[in-house]
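Labels below follow one simple rule: chain letters A, B, ... track the order of the sequence lines, proteins then strands, and each chain is numbered from 1.
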Amino acid sequence: MARIQTTPVKGTRDYLPRELVRRNQVFQLLRETFERHGYEPLETPAIEHTAALEGKYGEEGERLLFRILKLGRDLETAERDLAANPSADRSAAALARTFSELALRYDLTVPFARVIAARQNDIVMPFRRYQMQPVWRADRPQRGRFREFYQCDVDCVGSASLTVDAEMIAIYDEVYTRLGFTDFTIHVNNRSLLNGLLEACDVEPERRVAALTAIDKLDKIGLDGVRNELMEAGLTESSVDRLMEAIGMSGAPQAMLDALKPTVGANEQGARGLRELSEVFEYVRAMGVAPEHYAFTVSMVRGLAYYTGTIYESTVAGTNLGSIGSGGRYDRLIGMFLGKDLPAVGASFGVDRIFVALDQLELMKDIPVTTTQALVTLSAETTRETFALARALRAVGVRTEVYPDPKELRAQLAFASKKSIPLAFIMKPEELARGEVTLRDLRAGEQETTPLTEAPQRALALLE
RNA sequence: GUGACCGUAGCUCAACUGGCAGAGCGUCAGAUUGUGGCUCUGAAGGUCGCGGGUUCGAGCCCCGUCGGUCACCCCA
């Protein structure tokens with residue numbers, strides 16, 4: 001018999017209990033933090049109309065959409081229509097549109113924007129929501145990059161106040177700190193400042209995308225590398241000099257903002273970016289975020305097309321991952337669905353990368369793995385007592401399982417040992433007849449005889 | 001989308017310039033007459049990813065293909 005492939009699809013993973021228990025604890029920590037800040041849960045379908053996703057992620061992003069083939073008759077109809085029209089556009093992009101009108105969600109922000117547009121009247125603004133669901137991207141997987149991964153997003157819609165932009169930084173800080181990260185940086189920048197900077201440095205509009213792409217690589221290729229790429233992009237030496245001065249800056253946010261003022265000069269967009277950042281940092285200080293946890297990083301850009309104001313990206317020292325969380329303000333995205341703009345800002349956490357980071361920094365061992373706490377053995381003559389005891393244990397909250405087969409005791413205890421179950425109740429008929437039971441502590445290798453009626457309390461005591 | 005590397009037992013990996021396919025871990029049985037881990041003994045388990053080619057002979061060389069890993073692009 002030919003065996004079908006048992007490894008999961010490229011870029012996806014199976015989660016075994018040991019791993020999933022830990023993952024769930026990270027999810028739980030995120031959920032708690034989000035709810036502490038007043039965010040409410042929301043979920044959306046995995047599948048969206050492709051039209052709802054197109055035009056939001058930029059050309060590169062759109063290429064990574066997982067498209068779903070039309071079904072049955074619709075597929076046949078599309079095929080017939082195409083065959084009947086020899087002049088139809090047969091480019092890959094056009095064919096994709098012809099044969100598919102649905103796609104898997106690419107992120108959580110765009111579906112959220114769609115929901116806001118659809119359900120405005122059911123929502124009290126400003127609306128704070130969190131969402132923790134998988135997203136799919138048809139990328140080539142590598143370290144810290146998957147085709148199916150979870151995003152955990154908090155977004156606030158309906159307020160243009162920069163206090164909310166600052167709140168995102170406070171939430172990033174709280175989550176990373178609670179996870180056990182100590183050496184992390186939340187990079188903060190502003191799209192409007194970047195646009196203004198390019199204008200003020202006389203970069204022609206058609207060269208701005210290339211310029212931003214080059215600037216964004218600073219942490220990877222260094223100042224000289226960026227300078228080279230900017231020159232290759234066709235910028236004038238004067239433009240490059242001025243841009244390099246700006247992106248090479250480091251230090252306290254307020255001092256950097258002051259230092260950028262002459263470069264930005266009278267440029268309106270740039271000045272607005274500086275003003276917004278200044279205000280955001282003021283609120284961040286008021287919220288008590290430690291200064292060493294965030295930085296004003298002029299070279300941080302963010303690829304997604306929909307950001308308009310403040311943008312974020314966070315990194316952890318001692319890992320070779322990219323960003324473990326990012327986000328920003330997107331005041332015009334909801335307008336693409338609604339016809340009128342609603343201001344919004346959000347932060348996204350990449351749980352899968354956070355996981356890799358926790359692993360690399362060996363912080364995982366601080367998260368305890370919980371499984372079954374007590375095993376009750378089974379034998380043909382003690383069935384009644386076994387299930388009665390298991391029920392009593394569960395009633396006081398002890399996670400209890402019964403070995404399903406009345407196999408020899410050796411096998412039952414070996415099973416408990418392999419699963420690291422700390423306690424085993426050994427059901428001996430002669431003891432049960434006296435109203436007693438043997439309770440073995442597998443961790444210590446010690447055992448005692450205890451009255452059946454006190455067994456659940458003894459188990460709790462041994463488990464502390 | 002571009003490029004590099006790797007596919008041998010359930011897992012991690014050996015096998016000289018082409019010459020009988022191995023180890024550790026795991027699994028199962030026993031030492032152990034209802035008590036796990038530790039130790040010892042033994043056993044099972046492989047179309048060397050798949051297809052073709054070169055050769056007296058291929059796990060090893062060549063071509064193709066599928067799968068995986070890493071980097072670039074981009075990104076969580």
Side-chain angles (χ1 to χ4, degrees), chain A residues 1-13 30 57-64 92-93 105-109 132-153 172 209-210 212-214 216-217 220-221 229 300-305 312-316 319-328 346-357 375 377-382 403 406-431 438-448:
Chain A
M1 191 168 90
R3 285 184 62 180
I4 52 174
Q5 191 183 340
T6 54
T7 52
V9 169
K10 186 200 292 287
T12 68
R13 292 147 304 157
L30 287 163
Y57 303 117
E59 198 183 330
E60 281 291 329
E62 213 153 288
R63 190 173 302 156
L64 301 182
R105 78 165 95 78
Y106 177 92
D107 72 356
L108 302 180
T109 308
M132 309 198 293
Q133 290 188 281
V135 301
W136 294 269
R137 297 182 187 179
D139 215 343
R140 291 249 320 239
Q142 51 188 281
R143 190 188 322 107
R145 175 180 300 186
F146 307 96
R147 284 185 160 179
E148 176 185 71
F149 62 98
Y150 274 77
Q151 286 197 330
C152 300
D153 282 24
Y172 276 124
V209 171
L212 286 175
T213 306
D216 197 31
K217 291 186 196 168
K220 247 180 186 168
I221 61 178
E229 290 214 5
M300 190 266 288
V301 176
R302 305 284 304 125
L304 295 183
Y312 320 95
E313 202 162 274
S314 29
T315 53
V316 186
T319 70
N320 50 6
L321 303 162
S323 165
I324 60 165
S326 65
S348 178
F349 292 85
V351 188
D352 302 84
R353 285 199 178 166
I354 285 174
F355 236 75
V356 176
L375 177 90
T377 65
L378 182 69
S379 64
E381 60 273 27
T382 67
Y403 196 86
K407 276 176 60 169
E408 55 191 7
L409 190 55
R410 163 211 291 282
Q412 302 196 33
L413 288 174
F415 169 80
S417 183
K418 240 180 278 183
K419 279 192 67 175
S420 304
I421 298 172
L423 301 180
F425 283 94
I426 300 167
M427 309 300 276
K428 304 181 189 181
E430 58 277 21
E431 284 182 357
T438 295
L439 169 53
R440 183 167 179 82
D441 187 329
L442 286 297
R443 297 163 299 188
E446 291 164 0
Q447 64 187 46
E448 63 189 41

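Taking atom P in both rU39(B) and rA44(B), the straight-line distance is 23 Å, to the nearest Å. Comparing rG26(B) with rC61(B), their C1' atoms sit 35 Å apart, to the nearest whole Å. Rounded to the nearest Å, the gap between the C1' atom of rG59(B) and that of rG36(B) is 41 Å. Taking atom C1' on both rC60(B) and rU8(B), the two are 11 Å apart, rounded to the nearest angstrom. Taking the C1' atoms as reference points, rC74(B) lies 16 Å from rG3(B), given to the whole Å. Using atom P as the reference point in both rA43(B) and rC6(B), the two lie 36 Å apart (nearest Å). The same atom, P, is picked in rG10(B) and in rC20(B); the two are 23 Å apart, to the nearest Å. With C1' as the reference atom, rG22(B) and rA31(B) are 27 Å apart, rounded to whole Å.
Of the charged side-chain nitrogens involved, at least one lies within less than 4.0 Å of a carboxylate oxygen, so that R443(A) and D441(A) count as a salt-bridged pair. Between R13(A) and D352(A) there is a salt bridge, since a side-chain N of the basic residue sits under 4.0 Å from a carboxylate O of the acidic one.
Nucleotide rG34(B) holds its C1' atom 13 Å from the CG atom of L378(A), rounded to whole Å. Between F146(A) atom CZ and rU69(B) atom C1' the separation is 13 Å, expressed in whole Å. rC74(B) atom C1' lies 12 Å from atom CD of E59(A), rounded to whole Å. As rounded to whole Å, 19 Å separates atom P of rU35(B) from atom CD1 of I421(A). L375(A) places its CG atom 15 Å from the P atom of rG37(B), with the value rounded to the nearest Å. Distance, L409(A) CG to rG37(B) P: 12 Å, rounded to whole Å. Taking atom CD of residue Q133(A) and atom C1' of nucleotide rA76(B), one finds them 16 Å apart after rounding to whole Å. Here rG1(B) presents its P atom at 15 Å from CD of Q142(A), a figure rounded to the nearest Å.
Side-chain atoms of P134(A) and R105(A), non-hydrogen and from C-beta on, do get closer than 4.5 Å to each other. Using a 4.5 Å cut-off on side-chain heavy atoms (C-beta onward), T377(A) and L409(A) make contact.
No contact: P406(A) has no heavy atom under 4.0 Å from any strand. R147(A) comes within 4.0 angstrom of nothing in the nucleic acid, heavy atoms only. Within 4.0 Å (heavy atoms only), E430(A) reaches at least one base atom of the nucleic acid.
Considering Y172(A), F149(A), Y150(A) in turn, Y172(A) is the only one that fulfils the ring-ring contact (aromatic ring centres under 6.0 Å, His included) rule with F349(A).
The side chain of K220(A) lies closest to rC75(B), out of rC75(B), rC28(B), rG36(B). Closest to the R440(A) side chain, of the nucleotides rG34(B), rG36(B), rA76(B), is rG36(B). Listed nucleotides: rA76(B), rC28(B), rU35(B). Nearest to the side chain of F149(A): rA76(B). Comparing rC74(B), rU32(B), rU35(B) by their nearest atom to the side chain of R410(A) picks out rU32(B).
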For this session: Could you walk me through whether D139(A) and R147(A) pass salt bridge (charged side-chain N to carboxylate O under 4.0 Å, His left out), step by step?
Result: CA-CA 6 Å; D139(A) 215 343; R147(A) 284 185 160 179; over 6 Å; no

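Taking a pair to require two hydrogen-bonding distances under 3.5 Å in either a Watson-Crick or a G-U wobble arrangement, rA15(B) remains unpaired. As the counterpart of rA4(B), rU69(B) is assigned, both hydrogen-bonding distances of the Watson-Crick or G-U wobble pattern falling under 3.5 Å. Applying the Watson-Crick and G-U wobble criteria (two distances, each under 3.5 Å), rA43(B) pairs with rU27(B).
Side-chain to base pairing of R353(A) with rC75(B): one donor and one acceptor N or O lie within less than 3.5 Å of each other. At a cut-off of 3.5 angstrom, the base of rG3(B) holds at least one donor-acceptor pair with the side chain of R140(A).
By the 5.5 Å and 30° criteria, F415(A) is not stacked with the base of rG36(B).
Close to rA76(B), at under 4.0 Å from its OP1 or OP2, lies a side-chain N or O of R302(A). The phosphate of rA76(B) has neither OP1 nor OP2 within less than 4.0 Å of any side-chain N or O from S348(A). A sub-4.0 Å separation between OP1 or OP2 of rA71(B) and a side-chain N or O of R143(A) is present. OP1 or OP2 of rC66(B) has not a single side-chain nitrogen or oxygen of K10(A) nearer than 4.0 Å.
Two residues, R63(A) and I426(A), neighbour RNA chain B, and the one matched to the more 5' nucleotide by heavy-atom proximity is R63(A). Residue-to-nucleotide proximity on RNA chain B shows that, of T377(A) and I324(A), the 5′-proximal contact is made by T377(A).
Remark: E448(A) engages R458(A) in a salt bridge (charged side-chain N to carboxylate O under 4.0 Å, His left out) (not counting sequence neighbours).
Looking at D216(A), its side chain does come within 3.5 Å of a backbone N or O of V301(A) through a donor-acceptor pair.
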